[in-house]
**Q** 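There's a structure below that I have some questions on.
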Amino acid sequence: MTYAMNFIPASDFIFMDNKNAVIAIIIVAIVAILAVAAVTISNNDKVSGEDTYTLYIGLNDSVTHEDYDPDYAAGIVDAIVVKYADGFTRYLANGGWVDDGNVVYEKSLVYIIAEIDKDKAHKIADEAKVALNQNSIMITISKQDVEFY
């Protein structure tokens, strides 16, 4: 059995028509886009930065159902936070949740704290829950690059 090999002359390959050239360019572009997407997805798994904790502390006493004065409550929680952290950002926020189909609104103190670990964030929350009679304190954790400039 004999096989014949057909070669494409270089002149035909170099001077391909516009339709084939456009197809080749599209294929190269798609491969490049897929490569960039793969690298981006891979890098998203490796978010840099350190954990930053945000604590949301309600100001309605769960026992008396009275609202704490925000400045009074902030003085209590500030003293707790500085036992575990070197600094914080605090602000007053308005929050809400649904309870038995009704929206309940509550003022909350929000603390953003960097350079602590989860154990310290939990200790802060544990002490603040007792001090302000809270059933729970929401904690969010995010990765952020933190710089003191």
**Q** To the nearest 0.5 Å, what is the distance between CG (L132) and CG (N135)?
**A** 12.0 Å
**Q** According to the ring pair (Phe, Tyr, Trp, His ring centres under 6.0 Å) rule, which pairs have a member within residues 62-117, sequence neighbours left out?
**A** F88-Y111
**Q** For V63 and D61, which heavy atoms make the closest approach, and how far apart are they?
**A** N-OD1, 2.7 Å
**Q** Does anything in residues 90-111 form a salt bridge (charged side-chain N to carboxylate O under 4.0 Å, His left out)? List the pairs, not counting sequence neighbours.
**A** D78-R90
**Q** Side-chain heavy atoms under 4.5 angstrom apart, residues restricted to Ile, Leu, Val, Met, Phe, Trp, Tyr: same cluster for V81 and I139?
**A** yes
**Q** Would you find a donor on one side and an acceptor on the other, under 3.5 Å apart, between the side chain of T52 and the backbone of K143?
**A** no
**Q** With the 4.5 Å side-chain cut-off for hydrophobic clustering, are Y53 and V110 part of the same group?
**A** no
**Q** Quick check: closest heavy atoms across A125 and I137, and the distance to 0.1 Å?
**A** O-CD1, 3.4 Å
**Q** Donor-acceptor pairs are to be reported for all side-chain atoms of residues 112-123 against protein atoms at under 3.5 Å, with residues two or more places apart or in another chain.
**A**
unit_1: D117; atom_1: OD1; unit_2: D119; atom_2: N; d: 3.3
unit_1: D117; atom_1: OD1; unit_2: K120; atom_2: N; d: 2.9
unit_1: D119; atom_1: OD2; unit_2: K123; atom_2: NZ; d: 3.3

**Q** Rounded to the nearest 0.5 Å, how far apart are OG of S108 and CD of Q134?
**A** 8.0 Å
**Q** Are I141 and L55 in one and the same hydrophobic cluster, where Ile, Leu, Val, Met, Phe, Trp and Tyr link if side-chain heavy atoms are under 4.5 Å apart?
**A** yes
**Q** Between L59 and D67, does a side chain to side chain contact (heavy atoms under 4.5 Å, CB included) hold up when you go through it step by step?
**A** CA-CA 6 Å; L59 296 180; D67 291 331; 5.6 Å; no
**Q** Please check if atom CG in D86 has more than 12 non-hydrogen atoms from other residues, nucleotides or ligands closer than 6.0 Å.
**A** no
**Q** Compare all side-chain heavy atoms of L109 with those of L92 and state whether any distance is below 4.5 angstrom.
**A** yes
